[in-house]
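Read through the structure below, which is laid out as structure tokens, and then see the notes.
Start at 1 with the first residue, then count along the sequence.
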Amino acid sequence: MERPLIAIFNGPNLNMLGLRQPEVYGRTTLDDVEQLCAQAAERLDVGIDFRQTNAEGELVSWIHECREMARGIIINPAAFTHTSIALLDALLAVDLPVIEVHISNIHRREAFRHISYVSKAAVGVICGLGVQGYTLALQAMTDIIMNEETQ
Ligand code: CA2
């Protein structure tokens with residue numbers, strides 16, 4: 001049987017990961033995160049499509065594409081988390097399991113980061129566990145997909 005594909009999407013400025021503000025986001029780069037996810041995916045026997053964009057519309061279009069190609073979406077929407085009804089609508093429209101990931105604990109930070117529009121579309125949210133949140137999300141998404149198959 002073909003490996004299920006899990007989309008892992010990253011929002012604005014995450015291309016700066018590991019290069020600036022290490023006190024908040026750590027020293028791991030986004031390329032390193034992709035490597036960690038690829039290794040975890042290999043172990044879990046799933047495929048991944050790992051992407052980053054600084055453009056909200058592009059993220060919306062990528063979410064739409066998932067209808068045809070993916071079994072689940074892991075997303076770190078970065079600052080769009082706190083602003084984007086467009087992202088929420090897109091995630092609700094594709095009707096796939098969604099896990100929201102944040103590297104930092106958004107609830108320990110500024111009040112404007114405590115609100116997530118995206119969470120309403122998510123089966124679960126992982127925040128504050130650093131980049132390990134991505135591999136934990138992959139494990140959880142694999143379990144969700146496996147459970148769908150046995151139902
Ligand atoms: O903690 C997270 O993962 C965030 O989604 C990261 C966003 C922030 O706006 C959210 O509130 C929480 C920021 C991503 C920008 O990442 C940078 C990394 C290094 C240097 C500069 C920005």
Side-chain angles (χ1 to χ4, degrees), residues 2-15 17-18 24-26 28-109 113-151:
E2 215 175 285
R3 290 174 158 196
L5 189 77
I6 299 172
I8 307 176
F9 293 158
N10 294 280
N13 299 306
L14 282 164
N15 52 314
L17 201 63
V24 184
Y25 298 113
T28 311
T29 67
L30 199 62
D31 283 348
D32 295 333
V33 177
E34 182 170 4
Q35 289 282 327
L36 290 171
C37 288
Q39 285 163 12
E42 209 48 48
R43 260 190 293 110
L44 295 163
D45 201 25
V46 296
I48 58 165
D49 183 354
F50 190 100
R51 306 185 197 179
Q52 187 273 335
T53 179
N54 293 321
E56 184 177 11
E58 189 161 36
L59 213 38
V60 168
S61 299
W62 288 353
I63 292 166
H64 294 169
E65 276 176 38
C66 286
R67 268 191 69 195
E68 311 295 320
M69 63 151 210
R71 295 284 301 279
I73 301 174
I74 295 169
I75 187 165
N76 182 347
F80 296 147
T81 308
H82 320 296
T83 61
S84 181
I85 297 168
L87 271 189
L88 170 64
D89 286 346
L91 290 167
L92 291 172
V94 290
D95 198 26
L96 288 169
V98 173
I99 299 179
E100 178 184 345
V101 172
H102 299 285
I103 297 164
S104 63
N105 181 350
I106 55 176
H107 301 290
R108 289 183 99 174
R109 301 184 64 191
R113 295 188 204 273
H114 300 176
I115 305 283
S116 167
Y117 285 98
V118 170
S119 295
K120 192 163 173 47
V123 289
V125 181
I126 297 172
C127 83
L129 299 181
V131 298
Q132 196 197 357
Y134 285 82
T135 50
L136 293 171
L138 257 180
Q139 167 77 65
M141 185 62 81
T142 304
D143 288 351
I144 290 167
I145 293 167
M146 295 310 161
N147 285 333
E148 281 173 354
E149 280 170 9
T150 56
Q151 272 167 21

All pairs passing ring-ring contact (aromatic ring centres under 6.0 Å, His included) where residues 75-106 contributes a residue, at least two apart: none
Residue pair Pro77 / Val118: nearest heavy atoms and the distance that separates them: CG-CG2, 3.9 Å
Short side-chain to backbone donor-acceptor contact, Ser84 and Thr81, under 3.5 Å: no
Residue list, ring-ring contact (aromatic ring centres under 6.0 Å, His included) with Phe9, at least two apart or on another chain: Trp62
Donor-acceptor pairs are to be reported for all side-chain atoms of residues 90-99 against protein atoms at under 3.5 Å, with residues two or more places apart or in another chain.
none

Contact summary for His114 and Arg109, nearest pair of heavy atoms: NE2-O, 2.8 Å
More than 12 heavy atoms of other groups within 6.0 Å of Arg67 CZ: no
Side-chain touch Met146/Thr150, heavy atoms, less than 4.5 angstrom: no
CD-CD1 distance between Glu58 and Ile63, expressed to the nearest 0.5 angstrom: 11.5 Å
Gln35 CD to Thr29 OG1 distance, which is reported to the nearest 0.5 Å: 8.5 Å
Lys/Arg-Asp/Glu bridge criterion (N-O < 4.0 Å) met for Arg71, Glu148: yes
Distance (rounded to the nearest 0.5 Å) between Met69 CE and Asp49 CG: 4.0 Å
Could you give the side-chain donor-acceptor pairs of residues 129-138 under 3.5 Å, partners two or more places apart or in another chain?
{"from": "Tyr134", "atom 1": "OH", "to": "Asn10", "atom 2": "OD1", "distance (Å)": "2.6"}
{"from": "Tyr134", "atom 1": "OH", "to": "Asn76", "atom 2": "ND2", "distance (Å)": "3.3"}
{"from": "Thr135", "atom 1": "OG1", "to": "Gln132", "atom 2": "O", "distance (Å)": "3.0"}

Any side-chain heavy-atom pair of Leu5 and Val46 under 4.5 Å: no
Any pair counted as salt bridge (Lys or Arg N to Asp or Glu O under 4.0 Å), so long as it reaches residues 30-40, sequence neighbours left out: none
Sequence-distant partners of Glu42, side chain to side chain donor-acceptor pair (under 3.5 Å), two or more places apart: Arg3
Distance (rounded to the nearest 0.5 Å) between Ile74 CD1 and Ile6 CD1: 5.5 Å
Ile103 side chain near Leu17 side chain, heavy-atom distance below 4.5 Å: yes
Any donor-acceptor N or O pair under 3.5 Å, side chains Glu100, Ser116: yes
Asn15 side-chain N/O to Thr53 backbone N/O, donor-acceptor pair under 3.5 Å: no
Atom pair CG/CZ of Asn105 and Arg113 - distance to nearest 0.5 Å: 12.0 Å
Shortest non-hydrogen separation from Ala78 to Leu14 and the atoms involved: CB-CD1, 3.9 Å
Closest contact, heavy atoms only, Pro12 versus Asn54: CA-OD1, 3.3 Å
CA sep, side-chain torsions, deciding dist, call: Ile8, Val33, side chain to side chain contact (heavy atoms under 4.5 Å, CB included): CA-CA 11 Å; Ile8 307 176; Val33 177; over 6 Å; no
CD1 on Ile75 to CG on Leu59, rounded to 0.5 Å: 4.5 Å
